[in-house]
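Data block below; observations after.
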Amino acid sequence: MAAVGSEERVARAEEALRAYALSEEGWQRSPSGNLRELLTDLLQWCDATQHGFERALAAARAQREADPSGAAGGATGAAGTESAGSAGTVGSA
């Protein structure tokens, strides 16, 4: 499997949020609100399917830290869901 760079990961996340949040009327919430809704649904999915959200989140954080291209440009740490970082650009498309 080829390594995925930080820019590609950001683009994929923006695409997922765009697909999740757009409707015929436009954006349903702010970018941070869209992210919260998506994370809430992922938590619910994990509960329903017996997947460990916290374990997956910890593994994703470790993967990002281990990937030299993944930690550059916008790593926000544990409280990053409210930052204006790359998620803030989703609503401008």
Side-chain angles (χ1 to χ4, degrees):
M1 180 176 199
V4 177
S6 178
E7 289 181 19
E8 185 177 345
R9 287 189 185 281
V10 169
R12 289 187 334 195
E14 286 183 347
E15 182 178 339
L17 284 169
R18 213 176 279 115
Y20 184 83
L22 279 179
S23 72
E24 290 181 10
E25 295 82 35
W27 292 97
Q28 299 300 302
R29 294 174 270 307
S30 68
S32 63
N34 291 328
L35 178 58
R36 263 191 314 275
E37 287 296 316
L38 176 58
L39 289 170
T40 301
D41 286 354
L42 289 172
L43 280 164
Q44 189 69 38
W45 179 85
C46 286
D47 290 345
T49 61
Q50 304 299 306
H51 285 84
F53 182 85
E54 296 299 331
R55 187 172 49 250
L57 182 58
R61 284 187 173 138
Q63 181 176 338
R64 183 187 65 179
E65 294 301 318
D67 181 5
S69 67
T76 57
T81 59
E82 290 297 321
S83 74
S86 62
T89 62
V90 174
S92 63

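Note on Leu42: it clusters hydrophobically with Leu17, by side-chain heavy-atom contacts below 4.5 Å among ILVMFWY residues. Residues Leu43 and Leu38 fall within the same hydrophobic cluster, defined by Ile, Leu, Val, Met, Phe, Trp and Tyr side chains chained together at heavy-atom separations under 4.5 Å.
Here Gln63 pairs with Arg9 under the side chain to side chain contact (heavy atoms under 4.5 Å, CB included) rule; sequence neighbours left out.
In this structure, CD in Gln44 is found 10.0 Å from OG1 in Thr49, a value given to the nearest 0.5 Å.
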